[in-house]
Amino acid sequence: MNNLASPFEYLTSNSLTSTVKEFPAAPDSGAVSTLLYSLRSVDMSPVYLKLHEFLDYPEDWDGQDGQPLSSETFQRVCDYLTKKCPQKFPPDVDLNNDGSVTLSWDRGNRLVWSVEINEHKCVETSIDRDHGTSITTVV
Amino acid sequence: MGAHEMLVRLIWFTKIKDGKVVSKDAFKPNKHDEDGVSLYRSGYLTNELECLNTIEDPRKQDFYALARWPAQDFLDLDLKLMPTKGNLPGHVSITSLTPQTWEKGEGNLLARVDKLVASKNMVVIRDAVRRDYSPAEFK
């Protein structure tokens with residue numbers, strides 16, 4: 001196991017460069033080794049901090065049977081971010097009632113990209129606001 | 001149901017910014033929405049804020065905003081509405097928005113929902129009282 005400080009301390013005390021950094025694995029994930037996150041020139045630290053916060057959410061967090069973020073979904077989101085980050089700026093990240101996570105890249109542009117990730121699947125959606133069309137793909 | 005009617009929905013604070021609904025996930029179906037995403041007809045409520053009472057924990061009510069749309073907006077986007085049984089009078093469901101249809105996204109569904117949340121006719125009639133959700137408070 002590594003001796004890194006808490007995620008918050010790590011991310012706020014280290015400058016972010018385009019190198020691979022170690023980041024503690026999610027609790028209860030059963031992982032002995034740390035997860036490796038490639039922090040590119042895009043500052044993804046707010047995204048990872050938010051994801052770690054979601055791991056602490058209790059059952060019924062929203063008063064409508066909201067499910068917390070599971071370790072499995074957490075890992076799938078992190079894998080997606082490290083392998084397939086499609087934009088030059090970090091996504092907005094939100095926890096959904098069913099415990100899935102939505103990553104969205106939307107700056108009021110005509111094209112909006114979002115990804116919904118849960119333990120079993122990853123659903124990518126692109127929306128063309130100019131034409132009012134959307135394409136949804138399960139990957 | 002008349003196109004002139006107004007419909008209200010509870011929206012979790014992360015999906016509202018500066019008085020606007022900013023995410024199509026404000027209409028993401030949860031596991032209870034097998035017959036469609038829920039709204040309430042304003043005309044059937046003594047006070048629109050009654051919708052907040054569907055959230056049992058009053059502390060969690062504070063994290064919800066209440067937004068209102070004219071029924072015409074849904075009809076214009078081919079999002080069919082049907083009166084269904086709910087916790088309060090005037091409950092309606094968007095029958096074309098279920099967990100299954102959301103995932104498939106057929107017929108540009110998510111583009112239509114995206115357009116709905118961006119409607120100029122939408123009004124946030126009560127913003128979230130709190131935006132400082134902390135899991136520690138609810139454990």
Side-chain angles (χ1 to χ4, degrees), chain A residues 27 49-69 91-118 120-139, chain B residues 9-17 20 22-33 37-38 51-64 76-78 87 99 101-118 128 132-139:
Chain A
L49 283 171
K50 202 69 191 166
L51 289 170
H52 268 261
E53 191 180 306
F54 291 152
L55 283 169
D56 275 342
Y57 275 31
E59 296 276 346
D60 192 34
W61 51 268
D62 60 352
Q64 296 194 67
D65 291 333
Q67 296 302 299
L69 177 64
D92 292 324
V93 57
D94 205 3
L95 181 66
N96 297 310
N97 169 273
D98 60 0
S100 64
V101 167
T102 296
L103 306 171
S104 56
W105 287 264
D106 176 5
R107 293 296 183 269
N109 295 336
R110 64 179 183 85
L111 288 174
V112 177
W113 175 273
S114 67
V115 183
E116 190 182 306
I117 302 172
N118 63 26
H120 308 294
K121 61 184 80 161
C122 175
V123 182
E124 297 178 335
T125 300
S126 62
I127 297 174
D128 182 335
R129 287 184 171 145
D130 276 356
H131 296 98
T133 55
S134 54
I135 300 172
T136 300
T137 311
V138 179
V139 297
Chain B
R9 178 165 169 81
L10 291 173
I11 311 281
W12 185 252
F13 76 96
T14 56
K15 297 166 178 55
I16 294 259
K17 278 181 194 162
K20 292 181 185 173
V22 293
S23 168
K24 62 173 174 16
D25 289 344
F27 281 90
K28 184 178 184 318
N30 64 38
K31 63 183 178 187
H32 301 299
D33 291 328
V37 162
S38 294
C51 295
L52 290 164
N53 295 334
T54 58
I55 307 298
E56 204 174 300
D57 187 334
R59 295 172 303 163
K60 292 174 186 172
Q61 290 176 9
D62 286 347
F63 295 99
Y64 281 92
D76 288 344
L77 292 166
D78 198 23
N87 295 329
T101 61
W102 183 273
E103 186 175 299
K104 286 183 185 168
E106 289 173 352
N108 299 314
L109 178 64
L110 296 184
R112 288 186 278 139
V113 175
D114 181 71
K115 206 164 183 178
L116 176 69
V117 301
D132 59 341
Y133 185 86
S134 166
E137 183 179 345
F138 295 97
K139 283 196 166 172

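Each chain gets a letter, A, B and so on, in the order its sequence line appears, and its residues count up from 1. Just so it is clear, the structure is predicted and the values come from calculations on it, not from any experiment.
Scanning all heavy atoms of the two residues, the minimum distance from B/Lys31 to A/Asn97 falls at N-OD1, 4.5 Å. Closest approach of A/Ser134 and B/Asn108 over heavy atoms only: N-OD1, 2.9 Å. Listed here is the closest heavy atom pair of B/Leu110 and A/Ile127: O-CD1, 3.7 Å. Here the closest non-hydrogen pair linking B/Pro135 and A/Asp56 is CB-O, 3.3 Å.
With hydrogens and angles disregarded, no donor-acceptor distance shorter than 3.5 Å links the side chain of B/Lys60 to the backbone of A/Gln64.
Across A/Lys121, A/His131, A/Glu59, the residue that shares the most heavy-atom pairs under 4.5 angstrom with chain B is A/Lys121. Taking chain B as the reference chain and counting heavy-atom pairs below 4.5 Å, the highest number among A/Val123, A/Thr133, A/Asp98 is found for A/Thr133. Here B/Lys28 is the residue among B/Lys28, B/Lys139, B/Lys115 with the most heavy-atom pairs under 4.5 Å with chain A.
A donor-acceptor contact under 3.5 angstrom links the side chains of B/Trp102 and A/Glu116, judged on distance only.
In this structure, no portion of A/Ile135 lies under 4.5 Å from any heavy atom of chain B. Interface remark: B/Asn30 contributes backbone and side-chain atoms alike to the contact with chain A (heavy atom separation under 4.5 Å). Looking at A/Ser100, the atoms closer than 4.5 Å to chain B (heavy atoms on both sides) all sit in the side chain, from C-beta outward.
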**side-chain hydrogen bond (donor to acceptor under 3.5 Å, both in side chains) between B/Lys24 and A/Thr125, worked out** = CA-CA 11 Å; B/Lys24 62 173 174 16; A/Thr125 300; 5.5 Å; no

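Classification of the A/Tyr57-B/Tyr133 ring pair by plane angle, with boundaries at 30° and 60°, yields tilted.
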